[in-house]
Amino acid sequence: MSIPHAYGLALEPYIPEFEKLTGIRVNLEFLGEDELRRKRTIDLSMGTGLYDVMSVGLSIIPQYAQAGWLADLKPYISNPLLTDDAWYNYEGIGAPFRKWNTTEDGRVMAIPGNFSGPIFWYRTDIFDKYGFVPPDTWEELIDLKKKLQEKLDADPEYQNVYAFCTRGWTGPGANTWTICPVIYDYGGRIFDENMKAVFNSTEAVKALEVYREAQVGYGNPPGSEGIDMYTMVDMFAAGNLASMFAGIDHIVFIGDPQKSKVVDVWDASIPPRGPAGRYSSLWTWSFGINYASRHKEPAWLFVQWATSKPVQERMGPLGTPTRLELWTTEPFQKLKQKGWIKAAMWYVENGTVTEPLIPEFREVGEAMSVAFSKILRGEPIKESLDEAVAKVDEIIAKRREVLREE
């Protein structure tokens, strides 16, 4: 089970080779992100074992690890009858990505296939024509958005092209993925050291003011306050966006000549910073094995193959591989989008996780995201955040009570 972007799409053409190599049949099902989360949770919580291998995002790992819903892959990695360590070389996967998919007690919950994080994408033809450069700060981005849209509106060549967009749609991992790092950029946090929600602080309010100004109004496409990832990326690939704040791994769409009209005229840059620094939302799409799967060993052979160096090497840049040595190979060096490579490597060296990695993230993220969506639609910032903070504190308190009873 996978979502139809990033690693799943890059991997799909090679699956018949795995089937021929092993005699194992692979049924691949692509689902939208919300539908995938719903069906995945039902299957795992009921123990039906319908899906053997699942795409799992970074933020869900703590919940699934606590619930015991994913098989520990460490015994499979260390089993010489199933894994040739000299060939597979699990340690060849970047340490930051392995870290976030491993529990504190050493269980390997999933194998990272690709990595991502929001970066600033832009049309080089448009920016060069008007003499613009990628913004260093969020204030510069807001100023750029307005000035760039004025240029686009006055140029017959770029009618129906909008200056900037990022995530707006509601859901844990949706607008939270791009808003949480901005809260950090302005000195705010999601929780304090006592797990008390604090994303209604003065700093967080300022961050939401800035994000709303960047995302809504002149220079943004219609409906930007609720725009989803796929619509935004499709707009950029179709040539209707001059810039966007979106994931590194969207190169699977933007860099593919079969899917993109701007394949030769784009590049990217590191995320804008705020007065408190330049934060990020490191992410991995990983392969996890259902604890209730009745085909765990064949499932492991598939996961091992799908995350191996030879497969990632053949995917090239479109796979945004977690095996970092591949980023110095010829397919990457041939890319003229050197800024995109620098932005990706910036994540490897400096990437932080600003969405809360806690077992309650689904509920907590939903409450946060609803508040963020209200703000993008024009509702008062402080009041919306205060309401969400109260809900989040209630969620955490109830969970602590359940743990005490257990």
Stepwise, does the ring pair (Phe, Tyr, Trp, His ring centres under 6.0 Å) test hold for W346 with F120?
-> CA-CA 13 Å; W346 180 87; F120 183 79; over 10 Å; no

Those residues at least two apart in sequence (or on a different chain) that pass ring pair (Phe, Tyr, Trp, His ring centres under 6.0 Å) with F287 are Y7

So how far is it from D125 CG to K129 NZ, rounded to the nearest 0.5 Å?
-> 8.5 Å

To the nearest 0.5 Å, tell me how far T166 OG1 sits from Q215 CD.
-> 5.5 Å

NZ/K74: more than 12 non-hydrogen atoms of other groups inside 6.0 Å | no

D43: partners by side chain to side chain contact (heavy atoms under 4.5 Å, CB included), with sequence neighbours left out | T48, L50, Y51, M54, N290

Parallel under 30°, tilted from 30 to 60°, perpendicular over 60°: which one fits the rings of W121 and F236?
-> perpendicular

Where does the angle between the aromatic ring planes of W138 and F245 fall among parallel (under 30°), tilted (30 to 60°) and perpendicular (over 60°)?
-> perpendicular

Mind checking whether K206 and E203 have side chains closer than 4.5 Å, heavy atoms only?
-> no

Per the salt bridge (Lys or Arg N to Asp or Glu O under 4.0 Å) rule, which among K145, K146, K147 passes with D143?
-> K147

Do the ring planes of W283 and W285 sit parallel (below 30°), tilted (30 to 60°) or perpendicular (above 60°)?
-> perpendicular

Stepwise salt bridge (Lys or Arg N to Asp or Glu O under 4.0 Å) check, R212 with E225 = CA-CA 8 Å; R212 182 167 64 184; E225 66 276 5; over 6 Å; no

Quick one: side chain to side chain contact (heavy atoms under 4.5 Å, CB included) partners of K342, sequence neighbours excluded?
-> none

Is R323 positioned over the aromatic face of Y88, cation under 6.0 angstrom from the ring centre and no more than 45 degrees off axis?
-> yes

Within 45° of the ring axis of Y279 and under 6.0 Å from its six-membered ring centre, is that where the NZ or CZ of R189 lies?
-> yes

Quick one: are L208 and I179 in side-chain contact, heavy atoms under 4.5 Å?
-> yes

